Amino acid sequence: MIDLVTSSSTEFDLTFTRVTKFYGAVIGLNDLTCRIGPGITGLLGSNGAGKSTLLKLASGQLRPTQGEVRIGRLKTTSTAAKRLFGYCPDVPNLYEEMTGEEFVRTMCALHGFPDDEVRDRTEAVLKEVGMTDRAQRKIAGCSHGMRQRFKLAQALVHDPQVLLLDEPLTGIDPGGRQEINDLLFRLAEKGKSILVSSHILHDIETLADQILVLGRSRLIASGSLAEIRRLLDDRPLVIEIISDDPRSLAAELMTFGQVLGCDIQESRLRVRTKNSADFYARIQDLVVNGSQTIRQMQSLDEGAEAVFDYLQQGKHSS
Amino acid sequence: MNSLRAFKTLLQFSFLRLFWSINTMMVLLPVVGCLLFILRRGFGKLTPPEKAFDAFGTFLVFVFSSFLIPICSLGFGTTALGAEREEQTLVFLLTRPIPRWQVLLAKILASLPLSCGIVLTSFAVYCLLVGSIGLKALLIYWPAMLGMTVAYVSLFHLFAVVFRHPTMLALVYALFIELFVGNLPGSIKRLAINYYGRSLIYGLGAAEGLKTPRGFEGIPEAQAYWTLAGIAGGCLLAAFLLFQTKEYRDSA
């Protein structure tokens, strides 16, 4: 089965066909099949889920143990394929002795462009990532966010068709995130295929229109943001509510079809629900009607790990 | 886009990065130390000339070829590629449209002139400081010094391809195998590159009065040259084959 994660396809689609990658006896990626086309595709998964392995396979740094990875008709390990993608790794290290401008210029020159074109491209890409005024700073003295931008610049400098970004928003302040998101949206509008990895659901939600979710080295969900959201809305959730009258609130909540059980500890009430979206809608009605007073309400397992665990279970049971 | 231009950029970048690295300073320190030793020892003032030639030859065998050449080769041979691995910057080169063999070739071509340049220049300076005896040694021994340097650089490049922290391992190798095992009696010393270099030095210098120490059984010069060439060729071939297929997950 092919999970088609794209709205349209081009000659530069990134295609994984039954890809398995072993590191000795350890499996890094298990039987992955998908196609990534134009637009922004989010790659979501907890640490160790296989995101970096997937990106390293896509950038030709690793060879699949089974299956194949191609950009268009080219294997990603081929030299020609490397002209087609830009890769932004998750390592913080760059050439520390260089300035940001020297780093990007060198990376551009390693694509074999003539000197004047290297200069023009470097200038343009530094402007695009918002680093023109800080380009002459030594990398050794740059913050994590500035390094991320220089890494992004080196991935963009040869105007690749496919962009592979491993946790590009890590360490970037909210303003910077917005700028980088805007840049990625502009590139997506130009028809570029962009694969962005993150272990933070929110980062991907605001950026990607298509999502791949990895868990324990497998593709456990894929599709549009709406489809993934629907899956998440159906998952069981534990919600903690602080109320003036938890017993009466518990009695009322138990009448909700989606509530599986309640535990009371003094003023705290822990509710287990099987459909969070419906539950939130109904409890909102309770508060608006004034029949119950709720001082605080929080989900106890909203974290990415819980989301991935839930999707993982769903994958096994399906 | 031009592949040759990309290779030229990589070669230039690798050379300058090595030249301006701390390694250049670290390699020059023992070179200067030996220079001071030669000035103090005054080999040129020893008489008769055969005794002076023998004393200077002994210095070349036990200090220059056993210690200084491995250190100079190690300083650039392991670092050219090893620093990229240790600093996790190799990924930026491996994701450029440059074939892997060209990446390694650029690293080797960048480090060879530096290692050979420092070895041969320091050798020439030492020889000229010693005087006429030294000049004779320079003309006789320079091919042996060059052959040893190329063999060491090739071996240390193989270390850099195989090991994640090659500098430390190469240092242990240089001190244990080359300095210790290479001076042991019996045939075990043949494990050291140094043995073949010493065979060359003793063989070439015999006519000028250099005495082969008791217990050292060298091999003929031609055989020693071929062995050094074989070590260099074999190590480079193995390095290219491994680098072509090896997957670097240093950042994982």
Side-chain angles (χ1 to χ4, degrees), chain A residues 21-24 26 28 48 50 52-53 55-65 76-98 102-115 117-118 139 150-151 154-155 157-158 160 164 166, chain B residues 1-25 79-107 110 161 164-165 241-252:
Chain A
K21 178 66 190 172
F22 277 98
Y23 299 120
V26 178
S52 291
T53 299
L55 285 168
K56 283 178 181 172
L57 285 160
S59 57
Q61 294 175 74
L62 300 179
R63 286 182 178 79
T65 312
T76 53
T77 46
S78 68
T79 304
K82 287 175 184 170
R83 295 187 197 284
L84 298 177
F85 66 76
Y87 175 65
C88 177
D90 63 342
V91 291
N93 300 27
L94 306 173
Y95 294 104
E96 303 291 314
E97 71 279 9
M98 290 182 170
E102 284 168 345
F103 170 65
V104 178
R105 184 157 39 86
T106 304
M107 293 300 112
C108 184
L110 289 175
H111 279 273
F113 295 113
D115 289 349
E117 195 175 341
V118 167
I139 288 172
F150 286 131
K151 276 195 297 182
Q154 64 80 31
V157 74
H158 56 293
L164 306 165
D166 201 351
Chain B
M1 284 185 274
N2 181 313
S3 303
L4 193 64
R5 199 182 291 127
F7 178 75
K8 196 182 132 209
T9 304
L10 179 59
L11 182 58
Q12 191 179 352
F13 161 70
S14 302
F15 179 83
L16 290 175
R17 193 156 192 255
L18 271 180
F19 184 78
W20 292 111
S21 69
I22 188 81
N23 288 48
T24 308
M25 189 65 78
T79 312
L81 186 70
E84 300 275 3
R85 290 191 65 186
E86 290 188 20
E87 293 163 21
Q88 300 182 338
T89 48
L90 186 59
V91 60
F92 295 110
L93 304 184
L94 296 185
T95 50
R96 301 296 125 184
I98 301 173
R100 277 190 168 212
W101 67 268
Q102 283 189 19
V103 173
L104 183 60
L105 182 65
K107 293 293 174 187
V161 168
R164 185 169 178 173
H165 299 292
L241 288 175
L242 286 170
F243 190 67
Q244 194 65 25
T245 54
K246 197 165 165 63
E247 292 180 336
Y248 292 100
R249 297 189 293 118
D250 300 344
S251 61

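Per chain, numbering begins at 1; letters A, B, ... match sequence-line order. For the numbers below, each heavy atom of this structure counts, side chains included, while hydrogens, waters and symmetry mates do not. Just so it is clear, the model here is predicted, and its values are computed rather than measured.
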* Where along residues 9-19 of chain B does a heavy atom come under 4.5 Å of chain A, listed by residue number? ->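 Residues in range: Thr9(B), Leu10(B), Phe13(B), Arg17(B).
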* To do: Pick one of side chain, backbone, both or neither for Ile98(B), based on which atoms fall under 4.5 Å of a heavy atom in chain A.
  =>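 Both the backbone and the side chain of Ile98(B) come within 4.5 Å of chain A.
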* Apply side-chain contact (heavy atoms from CB on, under 4.5 Å) to Leu242(B) and list each qualifying residue two or more places apart in sequence or on a separate chain. =>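 Only Leu158(B), Val161(B), Val162(B) meet the side-chain contact (heavy atoms from CB on, under 4.5 Å) criterion with Leu242(B).
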Pairwise side-chain contact, [X] with [Y], heavy-atom cut-off 4.5 Å (strictly under):
X	Y	value
His111(A)	Pro160(A)	no
Phe243(B)	Leu94(B)	yes
Tyr248(B)	Gln61(A)	no
Glu84(B)	Tyr95(A)	yes
Leu81(B)	Leu90(B)	yes

* To do: Against chain B, label Gln154(A) side chain, backbone, both or neither, depending on which of its atoms sit under 4.5 Å from a heavy atom there.
  =>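 Contact with chain B involves both backbone and side-chain atoms of Gln154(A).
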* Would you please test Thr53(A) and Tyr23(A) for side-chain hydrogen bond (donor to acceptor under 3.5 Å, both in side chains) and show each step? => CA-CA 10 Å; Thr53(A) 299; Tyr23(A) 299 120; 2.7 Å; yes
